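Written out below as structure tokens is the structure these notes cover.
In what follows, chains carry the letters A, B, and so on, assigned in the order in which the sequence lines appear, proteins first and then strands, with residues in each chain numbered from 1. Quantities reported herein were computed from a predicted structural model and do not represent experimental measurements.
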Number of protein chains: 2
Amino acid sequence: MSGGVEWALHCCVVLTGMTEPVPAARLAEFHDVSPTYLAKQLQALSRAGLVRSVQGQAGGYVLTRAAEEISVLDVVEAVDGRAPAFVCTEIRQRGPFAATPEACRTPCGITKVMIEADRAWRESLRATSIADLAGTVARDVGAETLPRAQAWIAQRD
Amino acid sequence: MSGGVEWALHCCVVLTGMTEPVPAARLAEFHDVSPTYLAKQLQALSRAGLVRSVQGQAGGYVLTRAAEEISVLDVVEAVDGRAPAFVCTEIRQRGPFAATPEACRTPCGITKVMIEADRAWRESLRATSIADLAGTVARDVGAETLPRAQAWIAQRD
DNA sequence: TTGACTCGGACATGGGTTGTCCGGGTACGT
DNA sequence: ACGTACCCGGACAACCCATGTCCGAGTCAA
């Protein structure tokens with residue numbers, strides 16, 4: 001899985017409850033990561049419609065929906081794409097005992113298992129929202145840390 | 001996910017019920033894939049203990065256990081490794097609001113979600129065995145095709 | 001109108017998977 | 001007992017995608 005997924009998720013968490021747009025450079029400074037590469041991940045979120053970009057001075061990114069309405073799966077699919085990890089190359093149609101194409105209208109047994117596992121994985125990621133993650137942060141390091149961090153992010157130099 | 005997983009799974013299915021060792025070259029010919037690259041996957045299965053290699057003339061590969069005792073997950077982990085897809089880089093310990101290392105003894109909320117999804121994925125793959133796959137093949141293309149294919153594989157030129 | 005700040009897509013680089021090869025070792029035939 | 005032929009095993013390149021970077025188009029504030 002792409003490493004940018006982690007960055008994007010952390011960004012979504014700190015964007016929770018933010019009313020003013022936040023520039024990508026500030027998010028990068030807060031997380032101490034490459035600003036240009038983080039920008040790419042945020043562009044992916046924008047393309048997926050999870051965040052709205054505001055241009056010009058005082059511009060930046062804002063969540064388009066409430067954090068409760070954004071699942072972890074939404075972010076993962078926005079950054080890494082919606083394609084399943086396993087792709088069947090139909091090797092049953094090759095070799096001396098090749099199956100006829102008409103017998104391959106339905107996916108083979110291996111593919112079915114992979115699709116089912118993929119579904120379970122996505123279902124698990126769908127069960128948690130960004131708001132849930134923010135709540136976990138509050139429970140782990142204290143309820144006051146997230147608002148303090150957001151205040152630091154909101155101030156413009 | 002590595003494409004070699006698909007090859008390895010197909011090989012395990014055709015090895016079901018085989019009593020004589022099968023050379024990698026013959027498995028490659030049957031599936032019409034690169035013999036040398038397929039050999040690499042079989043070596044991975046051998047390292048994981050799923051198959052036993054027999055050297056010398058009339059050598060090849062044999063399953064070490066009954067097909068009912070080999071899960072799809074076993075094969076996937078043997079080829080692609082047991083490492084989880086998501087790796088936490090602990091960016092919460094970086095930047096101006098870095099969390100103290102002692103506060104990070106437990107994984108962060110994002111990592112917890114990823115671990116749980118990974119667990120669900122593996123659990124789903126563990127539920128199906130190679131024997132189940134062989135049964136699906138018999139149900140899809142007829143019960144006589146698999147034994148006929150195995151007979152073709154067993155004959156030595 | 002000016003200016004400066006923002007995002008967006010197009011451009012290099014590096015590690016990992018894919019693909020290949022030859023040597024060590026083993027069992028069979030003589 | 002020896003020679004031989006076959007098979008597996010780990011070491012060696014080539015390609016591709018993810019990582020990382022840059023500059024131009026657009027936009028809002030002053």
Side-chain angles (χ1 to χ4, degrees), chain A residues 1-8 11 15 18 20-29 31-64 76 78-81 83 85-87 89 91 153-157, chain B residues 1-8 11 15 18 20-29 31-64 76 78-81 83 85-87 89 91 153 156-157:
Chain A
M1 161 156 26
S2 169
V5 171
E6 185 184 8
W7 298 10
C11 285
L15 281 178
M18 281 282 188
E20 296 296 312
V22 180
R26 176 141 295 239
L27 288 169
E29 186 185 4
H31 292 114
D32 187 23
V33 296
S34 163
T36 53
Y37 190 41
L38 180 62
K40 184 189 281 288
Q41 317 304 336
L42 292 170
Q43 285 168 27
L45 295 182
S46 175
R47 245 172 286 161
L50 298 180
V51 299
R52 182 70 182 165
S53 70
V54 179
Q55 287 208 340
Q57 220 165 4
Y61 289 99
V62 195
L63 293 179
T64 55
V76 171
V79 175
D80 266 16
F86 179 84
V87 283
T89 60
I91 68 179
I153 292 173
Q155 69 175 333
R156 304 235 170 193
D157 320 83
Chain B
M1 162 157 24
S2 170
V5 171
E6 183 184 9
W7 297 10
C11 285
L15 282 177
M18 281 284 188
E20 297 295 312
V22 180
R26 178 141 294 243
L27 289 170
E29 186 185 2
H31 292 114
D32 187 24
V33 296
S34 162
T36 54
Y37 190 41
L38 180 62
K40 183 188 282 286
Q41 318 302 336
L42 292 169
Q43 287 167 27
L45 295 181
S46 174
R47 244 172 286 160
L50 297 180
V51 299
R52 183 70 181 164
S53 71
V54 180
Q55 287 208 338
Q57 223 164 3
Y61 289 98
V62 197
L63 293 179
T64 55
V76 171
V79 175
D80 265 16
F86 179 85
V87 284
T89 60
I91 69 178
I153 292 174
R156 305 234 172 197
D157 319 82

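Residues forming a salt bridge (Lys or Arg N to Asp or Glu O under 4.0 Å) with A:Asp32 (at least two apart in sequence, or on another chain): B:Arg94. For A:Ala48, the side-chain contact (heavy atoms from CB on, under 4.5 Å) partners at least two apart in sequence or on another chain are A:Leu50, A:Ala78. The side-chain contact (heavy atoms from CB on, under 4.5 Å) test applied to B:Ala44 returns no partner, not counting sequence neighbours. Every residue meeting the side-chain contact (heavy atoms from CB on, under 4.5 Å) condition with A:Thr89, not counting sequence neighbours, appears here in chain and number order: A:Ile91, B:Glu6. A search for side chain to side chain donor-acceptor pair (under 3.5 Å) contacts involving B:Thr64 returns nothing, not counting sequence neighbours.
Rounded to whole angstrom, the span from the CE atom of A:Met1 across to the P atom of C:dT17 amounts to 15 Å. Look at CZ on A:Arg52: it is 18 Å from P on C:dT6, rounded to the nearest Å. Atom CH2 in B:Trp7 sits roughly 15 Å away from atom P in C:dT17 (whole-Å rounding). Rounded to whole Å, atom P of C:dC5 lies 17 Å from atom OH of A:Tyr61. In this structure, A:Asp80 places its CG atom 10 Å from C1' of D:dA18, rounding to the nearest Å.
Out of C:dG8, C:dC7, D:dG9, the shortest distance to the side chain of A:Ser46 is found at C:dG8.
Listed here is the closest heavy atom pair of A:Val76 and A:Val5: CG2-CG1, 3.8 Å.
For the pair B:Ser53 and D:dG9, the criterion of a side-chain N or O lying under 4.0 Å from OP1 or OP2 is met.
Applying the salt bridge (Lys or Arg N to Asp or Glu O under 4.0 Å) test to pairs two or more places apart or on separate chains, none has a residue in residues 36-64 of chain A. Applying the ring pair (Phe, Tyr, Trp, His ring centres under 6.0 Å) test to every pair with at least one member in residues 34-56 of chain B, sequence neighbours left out, gives these pairs: B:Trp7-B:Tyr37.
With rounding to the nearest 0.5 angstrom, the CG atom of A:Asp80 is 6.5 Å from the CE atom of A:Met1.
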| message | I need a per-nucleotide contact map over nucleotides 25-30 of chain C, read 5' to 3'. Cutoff is protein heavy atoms under 4.0 Å; write B for the base, S for backbone only, - otherwise. | response | -BSS--
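Residues from residues 31-43 of chain A lying near DNA chain C, meaning a heavy-atom separation below 4.0 Å, are A:Lys40, A:Gln43 in numerical order.
Contacts of B:Ala25 with the nucleic acid, taken as non-hydrogen atoms under 4.0 Å apart, are absent.
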